[in-house]
Protein chains: 2
Amino acid sequence: MATYRSSEVTKNALIEAAGQLIADLGLSCVSVRAIAMLAQENIGTIHYHFGNKEGLLVEVINKVIERWEAVPVENELAQLDLNDRHDQAVAIRRIIERMSRLIFSSEAPDWHRQVIYQVMQHTGILQEMFRSRVITPENRQTIHLLQRIDPSLSYEQAYAHTLTIQSALIVHADYQNAVLSELSMADYSREYIAYMENILISQKQKFFDLPLV
Amino acid sequence: MATYRSSEVTKNALIEAAGQLIADLGLSCVSVRAIAMLAQENIGTIHYHFGNKEGLLVEVINKVIERWEAVPVENELAQLDLNDRHDQAVAIRRIIERMSRLIFSSEAPDWHRQVIYQVMQHTGILQEMFRSRVITPENRQTIHLLQRIDPSLSYEQAYAHTLTIQSALIVHADYQNAVLSELSMADYSREYIAYMENILISQKQKFFDLPLV
DNA sequence: AGCAAATTTAAACACTTGACTAAATATGGT
DNA sequence: ACCATATTTAGTCAAGTGTTTAAATTTGCT
């Protein structure tokens, strides 16, 4: 008699509602009352199931992080010889395509991409979660690859390259509303995302004189 | 006897305090009381001088926008022949260096760069100000240049290029705290910014097979 | 069906927020 | 020095915040 079935249902409803509201209003503009109302649950359930508001937000971010952890960068780079120029070029492509897929594929709820990078704006538990479990480990892989491609790169220089790779995707995610309105689009088209991926990939491959694969 | 001297002094103190607090806490976490306390002014002065909180925020953003408007992109591109490959390469460099200078040069208060892109997160008067007076006009120039460089580019494709140019700078500005902590730096070094500029410039020049200038 | 535990509910809590008011003060031209 | 007025001050307001409480209800095993 540990837990009742209804427990998981309301917890998921609250997480989903919180995610949508964060995407719409911003992380620091959502109230427990708004979340409970959208989820059609009582305010008290938030504190009963998650302890407090932050506990709920942790689970919201956790939902996104688990999707990223399910496809670690290591998998994309396995079976590649990072000393081979051709494989180095493939590695660049794999890293960019993976990140783009995780952010823009429609297999996850819409709010994922609009929520996740908001946590990087304010220091706190949420940022620490995303940084320690996603950002830092993934950057380590990318920096390692870049220093294989060009052994003369310092850590700072390799990090700068890493950020120039990721930044376009981050901006398209975090400023989605502004970007879409500037593009007069309702949502990113598959072609647009593909073209942006292509820019990022071939830019980096050309910069390092890698084969264009 | 229109206005007294003290008026401008307190107005500037309030704008400066608001800017610093927005940079530290985030746009939506700043209260009129915190602003007044940091400025060492009375809360009522905010409503007396600016009408309401939003009126003060408008002036904060205005301070930043005026710096950008003082050096229009047109000036950087004047005397360049946008049909000439060499001048096209120079134009790319000028556009990127101008934006980097506006964001990272130390001639303006520290908070400018951490404040300005926050307004792009939420729709409202502040975003509309920055978009209509800075973003849209500047993007028009960049897109025009890119379509001269490669006439086959559609508007969406040219816009994607524009964003890949700007994104790294935006991310370094808006996520400054997280980036600096990942780099174990107290502030961006001149060398780091210069290296990032170099990446962005030569990446774009190589992508379009322009001379590397 | 009965019953103990898990869950939901509504009301209240203390606190912060942006805004407003009326009185007190400071300013600068005369 | 005077005085009209620009500015500052302190106090109050209603509305919204996250949290807590205790009672009511639902759940699932015996």
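Numbered from 1 within each chain, the chains take letters A, B, ... in sequence-line order.
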Checklist entry - So what is the end-to-end bend of the helix from C:dA1-D:dT30 to C:dT30-D:dA1, with 5 pairs used at each end and the value given to 10 degrees? => result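 Both end axes considered, the difference amounts to 20°.
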Checklist entry - Should the heavy atoms of other residues, nucleotides or ligands under 6.0 Å from CE of B:Met185 be counted, would the total exceed 12? => result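 More than 12 within 6.0 Å, yes.
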Checklist entry - Does CG in B:Leu25 sit with more than 12 non-hydrogen atoms of other residues, nucleotides or ligands closer than 6.0 Å? => result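 Correct, the count exceeds 12.
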Next on the checklist: Quick check on the 6.0 Å ring-centre criterion: do B:Tyr192 and B:His172 meet it?
Outcome noted: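 Judged by ring-centre distance (under 6.0 Å), B:Tyr192 and B:His172 do meet the cut-off.
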Next on the checklist: For the aromatic rings, using the six-membered ring if either is Trp, is the centroid distance between B:Phe104 and B:His112 under 6.0 Å?
Outcome noted: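 Not under 6.0 Å, so no.
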Checklist entry - Which residue lies toward the 5' end of DNA chain C, B:Cys29 or A:Thr45, if each is placed at its nearest nucleotide? => result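 Its nearest nucleotide being more 5', the pick is A:Thr45.
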Checklist entry - Where along residues 46-63 of chain B does a heavy atom come under 4.0 Å from DNA chain C, residue by residue in number order? => result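 B:His47, B:Asn52, B:Lys53 - these, ordered by number, are the residues of the stretch whose heavy atoms sit under 4.0 Å from the strand.
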Checklist entry - Among residues 30-43 of chain B, which contact DNA chain C at a heavy-atom distance under 4.0 Å? => result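 DNA chain C contact set from residues 30-43 of chain B: B:Val30, B:Ser31, B:Val32, B:Arg33.
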Strictly by modelled atom types, are [X] and [Y] linked by a side-chain donor-acceptor pair under 3.5 Å?
X: B:Arg67; Y: B:Asn62; value: no
X: B:Asn139; Y: B:Gln166; value: yes
X: A:Thr142; Y: A:Thr162; value: no
X: A:Lys11; Y: A:Thr45; value: no

Please confirm whether the shortest side-chain N or O distance from [X] to OP1 or OP2 of [N] is below 4.0 Å.
X: B:Ser7; N: D:dT7; answer: yes
X: A:Thr3; N: C:dA6; answer: no
X: B:Arg5; N: C:dT27; answer: no
X: B:Thr10; N: D:dT8; answer: yes

Next on the checklist: Checking B:Asp174 against A:Tyr175 for the side-chain hydrogen bond (donor to acceptor under 3.5 Å, both in side chains) test, could you report, in this order, the C-alpha distance in whole Å, the side-chain angles of both residues, the deciding distance, and whether it holds?
Outcome noted: CA-CA 11 Å; B:Asp174 208 11; A:Tyr175 304 82; 2.3 Å; yes
Checklist entry - Is the shortest distance from a Lys or Arg side-chain nitrogen in A:Glu97 or A:Arg94 to a carboxylate oxygen in the other one below 4.0 Å? => result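 Salt bridge absent between A:Glu97 and A:Arg94.
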Item to check | Ionic contact status for B:Arg131 with A:Glu182, cut-off 4.0 Å | outcome: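 Salt bridge between A:Glu182 and B:Arg131, a charged N being under 4.0 Å from a carboxylate O: yes.
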